[in-house]
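First up is the structure itself, then whatever we jot down about it.
All figures in this text were calculated on a predicted structure; none of them were measured in a lab.
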Amino acid sequence: MADQTTDRSTDRSTDRSTDRSTDRSTDRGTDRSTDDRGTDHDVFEEYLTGYDRILSDVSVTGRRLTRDELDSRRALGEQAAEAGHGLRALVSRYLVATRAAWPVSPSDTASADSVLAAVEQAVDAFAEGYERAQRLAVRREEAARREFIDDLLHGRSDLGRLAERAGRFGLQLSHAHAVAVAVGEAAYAETDPVTRSVELALVSRFGDRRILLTTKDGRLICVAPADEGDVLTYFAKQAHAATDGGRVTIGRAHPGAGGVVQSYEEALNAQDLADRMELEEPVLRAADLLVYPVLSRDREAMTDLVRNALGPLKEARGGARPLLDTLTAYFDAGCVAAEAARRLNLSVRALTYRLERIHKLTGSDPAEPFQRYTLQTAVIGARLLDWPAKEI
């Protein structure tokens with residue numbers, strides 16, 4: 001009996017201790033919850049201005065929100081977006097405020113329906129203003145980005161100011177950069193699937209390496225630090241595939257903001273040169289094409305060379321073009337007659353006959369080293385000058 005009494009006493013003591021502990025725990029939890037709500041309330045209070053009054057009035061009158069009230073919700077939504085608050089937290093705070101302001105004893109079901117309709121109107125207007133502000137911010141950001149890209153690639157802005165703006169878009173113009181340009185059959189914009197797929201591939205592979213991917217005049221453009229050469233190589237591979245075999249040219253690396261412009265222009269010039277020279281390589285580097293600008297720098301001298309070295313080919317039956325194509329294929333094949341004949345779909349005997357005819361007309365033998373160099377340089381000049389299609 002004594003044992004049973006002791007057990008009951010112990011149980012009651014334990015229960016009381018547990019109750020007190022639970023009460024203290026509940027109190028602490030309630031305090032924390034109240035503190036959190038109070039903190040949220042302080043942060044979001046300005047975006048709820050007048051909301052409790054609206055609900056109170058609607059619960060009595062059953063009316064819908066006025067135009068001024070809706071405009072005020074939209075304006076508050078815009079302010080919240082501009083302040084950087086998340087829409088989910090704001091809507092949650094509106095629902096908390098709704099519960100706090102809910103009529104204790106609504107007169108009838110119609111009153112509750114009116115309040116819920118008002119809540120729907122208020123939250124919808126608030127979200128509309130929030131989204132409108134976000135769209136405006138996106139358009140402003142896009143406009144600023146486009147202006148920066150135009151200034152960067154054409155050097156139309158003060159270089160010091162340009163360098164300051166560059167950090168916002170992930171570039172450090174105090175370092176050297178190189179530019180790659182990809183051209184395909186179509187013109188590409190920032191939002192095109194081709195652009196997005198290339199961008200996703202670069203981000204997945206390299207993450208944040210201060211790379212700028214954009215478009216300009218329908219071309220894909222990639223700007224990367226000079227010490228990140230693998231970035232442009234990978235961009236060239238991805239762009240070539242995404243543009244269905246488009247050509248990619250890469251300018252040389254140059255320091256500073258002006259260096260980006262210079263590298264970009266080199267890449268563009270390489271694209272133009274590849275078109276004129278009918279170069280078939282999918283990826284071309286400006287550094288590997290420096291001989292062509294050197295040759296074309298003195299146009300008068302180049303014109304004289306083409307006229308004197310290749311002009312006599314115009315006397316051949318069929319004109320100069322077939323024999324000029326023969327020389328081009330012969331030099332491109334490393335002066336291997338069998339390979340040149342294959343490229344031209346000729347027999348080796350027919351190719352040899354053409355080479356002999358060229359020797360007879362021009363006085364220069366393509367098989368003789370010194371004379372071959374003169375003819376090869378003249379052939380390059382003819383392609384640069386688009387001769388014989390254009391008179392020189």
Side-chain angles (χ1 to χ4, degrees), residues 181-185 240 243-250 267-392:
V181 175
V183 177
E185 292 295 329
H240 177 68
T243 57
D244 295 327
R247 183 194 298 120
V248 183
T249 53
I250 303 174
L268 289 182
N269 290 336
Q271 288 282 354
D272 179 63
L273 182 63
D275 288 337
R276 286 189 289 156
M277 298 295 295
E278 299 178 355
L279 302 177
E280 298 180 354
E281 289 80 355
V283 180
L284 295 168
R285 296 181 179 272
D288 298 331
L289 303 175
L290 292 177
V291 64
Y292 298 108
V294 170
L295 292 175
S296 61
R297 191 163 296 158
D298 191 339
R299 185 181 180 86
E300 184 178 352
M302 181 59 69
T303 300
D304 286 341
L305 175 63
V306 173
R307 185 182 294 120
N308 289 300
L310 301 178
L313 297 181
K314 296 174 70 175
E315 300 174 9
R317 181 182 301 175
R321 172 56 64 185
L323 295 182
L324 182 61
D325 290 343
T326 300
L327 283 174
T328 300
Y330 182 67
F331 294 136
D332 288 347
C335 299
V336 177
E339 174 61 19
R342 186 189 66 79
R343 296 187 182 191
L344 292 171
N345 293 320
L346 296 174
S347 65
V348 174
R349 181 176 180 179
L351 178 78
T352 302
Y353 170 78
R354 285 192 180 186
L355 292 177
E356 292 174 351
R357 182 65 175 155
I358 290 170
H359 184 191
K360 183 176 180 180
L361 288 171
T362 64
S364 298
D365 184 0
E368 200 279 324
F370 181 77
Q371 295 178 14
R372 179 173 66 232
Y373 175 76
T374 300
L375 283 174
Q376 187 168 7
T377 305
V379 168
I380 293 173
R383 294 167 76 175
L384 290 172
L385 298 173
D386 196 18
W387 182 89
K390 293 181 180 179
E391 290 294 333
I392 55 175

Which pair of heavy atoms, one from [X] and one from [Y], lies closest together, and at what distance?
| X | Y | answer |
| --- | --- | --- |
| P366 | L327 | CG-CD2, 4.0 Å |
| A309 | L375 | O-CD2, 4.2 Å |
| P312 | N308 | CD-O, 3.8 Å |
| L310 | A382 | CD1-CB, 4.1 Å |
| R321 | P388 | NH2-CD, 3.3 Å |
| D275 | R247 | OD1-NH1, 3.0 Å |

I want to check something: taking the side chain as every heavy atom from C-beta on, are [X] and [Y] in contact at a cut-off of under 4.5 Å?
| X | Y | result |
| --- | --- | --- |
| T243 | V183 | no |
| L305 | T374 | yes |
| I380 | F331 | no |
| M302 | L385 | yes |
| L323 | R354 | yes |
| Q371 | T362 | no |
| T328 | R383 | yes |
| L273 | L284 | no |

Which distance, rounded to the nearest 0.5 Å, do you find between the [atom1] of [X] and the [atom2] of [Y]?
| X | Y | atom1 | atom2 | value |
| --- | --- | --- | --- | --- |
| D386 | M277 | CG | CE | 11.5 Å |
| W387 | L313 | CH2 | CG | 5.5 Å |
| E356 | L361 | CD | CG | 12.0 Å |

Donor-acceptor pair, side chain of R276 and main chain of L384, under 3.5 angstrom: yes

Any donor-acceptor pair under 3.5 Å from H240 side chain to G246 backbone: yes

NZ/NE/NH1/NH2 to OD/OE distance under 4.0 Å, E391 and K314: yes

Side chain to side chain contact (heavy atoms under 4.5 Å, CB included) between T249 and L289, intermediate numbers included: CA-CA 10 Å; T249 53; L289 303 175; 5.9 Å; no

Audit row: E339, R343, salt bridge (Lys or Arg N to Asp or Glu O under 4.0 Å) steps and yes/no: CA-CA 6 Å; E339 174 61 19; R343 296 187 182 191; 3.0 Å; yes

